[in-house]
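Taking it in order: structure first as C-alpha cells, then the write-up.
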Amino acid sequence: MELGIPPRFAKYDGPVIRRSYEAASAIGRERLMELASEVDAEKYALTYLDDVIGRLDEYLDSLRRAGFSGALFPDLVIDFRGELGRVASLVRSAGLRNAIFVSPSTPDAVVREASAAADGFLYLGVRPATGVPVPVSVESLVRRFRGLHGGELIVGFGLRAEEVSAAVRAGADGVAVGTALLEALPRGVGG
Amino acid sequence: MVDLIPEYWYNVVPDLPEPLPPPMDPPGGADSSIGLLNRILPRAVLEHQFTVERWTKIPDEVREAYANFGRPTPVIRARRLEERIGTKARIYYKYEEALPTGSHKLNAAIPQAYFAAEDGAEGVSTETGAGQWGAAVALAARFYGLRSSIFMVRSSYEQKRERRALMEIFGAEVHPSPSELTGFGRSMLAAEPGSPGSLGAAMSEAIEYALARGWRYLVGSVLDVVLMYQSVIGLEALAQMEELGEEPSLIVGCVGGGSNFAGMAYPFMGAGRKARFLAVGPREVPKFSAGRYEYDFPDSAGILPMVKMLTLGRSFRPPPIYSGGLRYHGVAPSLSILVRAGRVEAVEYGEAESVAAGALFAETQGVVPALESAHAVAAVIDEAKKAEEGEVILFNMSGHGLLELGNYSRILGGGPDGQGDSLPDDRLPHARALPARGRGAEAALRRDGAGDTP
C-alpha cells in the first residue's frame with residue numbers, strides 16, 4: 001500500500017490527487033502519521049523529495065517509527081538524478097526499502113541506475129500524471145522497462161482493466177491503483 | 001523509391017543523458033491541461049508522444065505519402081562553396097527544401113493529418129509564422145480530405161503574401177493572428193490593436209479554434225513526437241553519408257523550435273556517431289544565450305500543459321524579423337537538455353549576416369536558402385573557415401527562400417525595411433555591418449572569400 005504524504009505542490013500529479021492532498025493536509029502532519037501507523041499492511045510512504053530533502057534523516061526516521069516499509073519519491077529520478085545513490089543509501093540506513101519511480105521519459109541509462117538502487121520495487125508510471133487519461137501503449141512501455149530491470153516491477157497511473165492485463169502479460173509483477181480508488185471512495189464500496 | 005525511406009521513426013528520449021521532465025499541469029487548475037490534449041491532438045499522435053520508445057513503425061500509407069512528395073531528399077556536396085571560401089573541410093547539405101512546400105515541415109504534417117483523418121476529424125487547425133508549417137499542414141490536410149484553418153502571425157501574413165497564396169491553393173483558410181475569431185485573439189487586439197502577433201499567440205488561437213469545432217490541432221515543433229516524425233531526415237542522411245563513404249565531424253541546423261535540427265541530428269546521436277552538433281539560433285530571439293531552463297507554456301494563452309525547456313517566456317515579443325520560423329520563445333525540451341548537457345553546442349547569428357551567407361550560398365551553389373536556413377549557412381561558413389583537413393560538415397538545408405527573394409534584396413540592399421545598417425553586437429567575432437548599397441554588400445562578401453573574381 002502506498003500512502004501519499006501531502007506535499008507543498010504535487011507537481012506530477014493530476015487534479016484528483018492534488019485535491020485529495022489538499023483535503024489530507026487539513027488533517028495535519030502528526031495526525032496523518034498516527035493514522036498511517038494504524039494501517040496494518042505493508043506500506044510505502046510517498047512524498048516529493050523536493051519537500052523533505054532539507055530534513056531527510058528526520059523524515060525517514062518518522063516513517064520508520066510509523067511502521068512504513070519503504071519510501072518513494074516521484075521526483076527523485078526526474079529532478080534529483082545526481083542524488084539517487086545518496087538518497088537510496090540514506091533510505092536503507094534508516095531501515096527502509098527504496099521504491100524508485102520512473103516514467104516513459106526516463107532514458108534507458110537512467111532506468112538502469114534506478115533499477116540498481118531499487119531494493120523495494122521499480123514503479124513505472126505509464127502516463128505523465130496520475131489520473132489523467134492520455135492514450136499510451138502499456139504493453140510497449142512495460143516491455144521496454146521489463147528489459148531494463150530484473151527486480152520487482154510495479155506499473156501504475158490510470159490503468160484501465162484491459163491495460164492491467166496487458167501490463168501483466170508484458171511482464172509486470174503488479175499494478176498500482178490510485179486515482180480510481182480515490183474517485184470510488186465517495187461512492188462507497190459498492191459504487 | 002519507397003524502399004529508401006526509413007521504416008521506423010527514431011525517438012531520442014530513451015537515449016538522452018538526463019531524464020526528460022514530464023509535461024506539467026500548472027498549480028490551481030480544476031481540470032488537467034494534459035487531459036485536454038485528448039480533445040486537441042490526434043489520438044495516435046498523443047500515443048506516440050507518451051509511449052516513449054526508441055523506434056516507432058511508420059505506417060505504410062505514411063511512407064507512401066512521403067514518397068509521393070519526393071522523399072528521400074538528396075544529400076549534396078557544396079563544392080563551389082568550399083572553393084569560394086577556401087576551406088579544408090568537405091561540406092554537405094540535406095536538400096529538404098526539395099519537398100513541395102519548400103521545407104522539411106511536411107515530414108511532420110503528413111503523419112499528423114493522416115492520424116487526424118483516422119480520428120474522423122472534419123478539419124485541422126494550426127499556427128504559422130513564416131508560412132512553412134502552415135503550407136505543409138494545408139497540403140497534408142488536402143491530401144487526406146480534411147479542411148484546414150491556419151492562423152498566421154500578423155506581421156508574416158502581411159509580409160509573406162505568396163506563402164499565404166500557397167496555403168490557399170491547397171484549400172486552407174488563412175487568418176492573420178491575432179484575429180477576431182477567438183476569445184484569445186479578441187483580448188489581444190483589445191489590449192494592443194496594432195499587435196504584430198507571435199507564434200505563441202497564434203498557437204493559442206488555433207487550439208481554441210479546434211476545440212470549439214471538434215477539429216484537431218497539428219503541432220509544428222517543440223514536442224518530442226514532432227521531432228520524432230522529423231527523424232526521417234537524419235535516418236536517410238545516415239544511410240546516404242555511409243554510401244558516400246563520409247563520416248560527418250560536424251552537424252549543423254538552425255533552430256526555431258528545434259524540429260529540423262533534431263530531425264537531422266538525433267539519428268546521428270542515436271547511432272552513437274562521434275560528431276560535434278551545432279544548433280544555430282537567431283540573435284534577435286536569444287533563447288540559447290538568454291533563455292532560462294524552466295517550466296513554461298508552449299503557447300501564449302497557457303492552454304497547453306507546461307513543459308520544461310529553455311525559454312524567454314511565453315509573453316516574450318520577438319522583434320518582427322523576416323525569419324518568421326525562428327520567432328519562437330522556447331527550445332524543444334529534449335534539445336534544451338542536450339544543450340545544457342553540452343552534447344549540442346549553440347550559437348546565435350543576426351539576420352543581416354545570415355542573409356549575406358544565404359546570398360553567398362545561392363551564388364555558389366544555385367540554391368537560395370530560406371532566411372531561417374541561412375542562419376545555419378552562416379555558421380557552416382564560419383566553421384568551415386576554421387576547419388582542419390579531413391573535417392566533414394553536414395547541415396540541414398531546411399527550406400528554400402524562393403518565396404522571399406524580395407526580402408533578400410531588401411535586406412542586402414539596406415532599403416527602408418531592411419536591416420542593412422543595423423550594427424551587429426560585438427559578441428560574435430564574425431558579425432559585420434552590411435553597407436547600405438547592394439554592391440557594397442557584395443564587396444564585403446568577396447573580401448572574406450578566397451579566390452576573388454571580379
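Within every chain, numbering begins at 1; the chains are lettered A, B, ... in the order of the sequence lines, protein sequences first and strands thereafter.
- In terms of modelled atom types and a separation under 3.5 Å, the side chain of A:Ser137 and the main chain of B:Thr51 share no donor-acceptor contact.
- For a residue to count as touching a neighbouring chain, one of its non-hydrogen atoms must lie under 4.5 Å from one of that chain's; by this rule A:Ser103 does not touch chain B.
- Inter-residue side-chain proximity for A:Arg144 and B:Pro14 is flagged as met; some heavy-atom pair is nearer than 4.5 Å.
- Taking all atoms of both residues into account, the shortest heavy-atom contact from B:Glu47 to A:Val136 is CG-CA, 3.8 Å.
- Chain A forms the most heavy-atom pairs under 4.5 Å with one residue out of B:Ala44, B:Pro305, B:Ser334, B:Ser32, and that residue is B:Ser32.
- Of the two parts of B:Leu16, the backbone and the side chain both hold a non-hydrogen atom closer than 4.5 Å to a non-hydrogen atom of chain A.
- Neither the backbone nor the side chain of B:Gln49 comes within less than 4.5 Å of any heavy atom in chain A.
- In terms of heavy-atom proximity, B:Phe50 sits nearest to A:Pro128 at CE2-CG, 3.4 Å.
- Within a 6.0 Å radius of NZ in B:Lys57, other residues, nucleotides and ligands contribute more than 12 heavy atoms.
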Open item on the list: Run B:Ile34 and A:Arg127 through side chain to side chain contact (heavy atoms under 4.5 Å, CB included) and show every step you take.
Closed with: CA-CA 10 Å; B:Ile34 300 172; A:Arg127 293 184 161 85; over 6 Å; no
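- The line from CD1 of A:Ile78 to CE of B:Met24 is 11.0 Å long, rounded to the nearest 0.5 Å.
- For the set A:Val134, A:Val138, A:Val77, A:Val111, the count of heavy-atom pairs under 4.5 angstrom toward chain B peaks at A:Val134.
- Remark: side-chain polar atoms of A:Ser105 are paired, donor with acceptor, to backbone N or O of B:Leu20 under 3.5 angstrom.
- Looking at A:Val110, only its side chain comes within 4.5 Å of chain B, counting heavy atoms on both sides.
- With a 4.5 angstrom heavy-atom cutoff, B:Asn38 touches chain A only via side-chain atoms.
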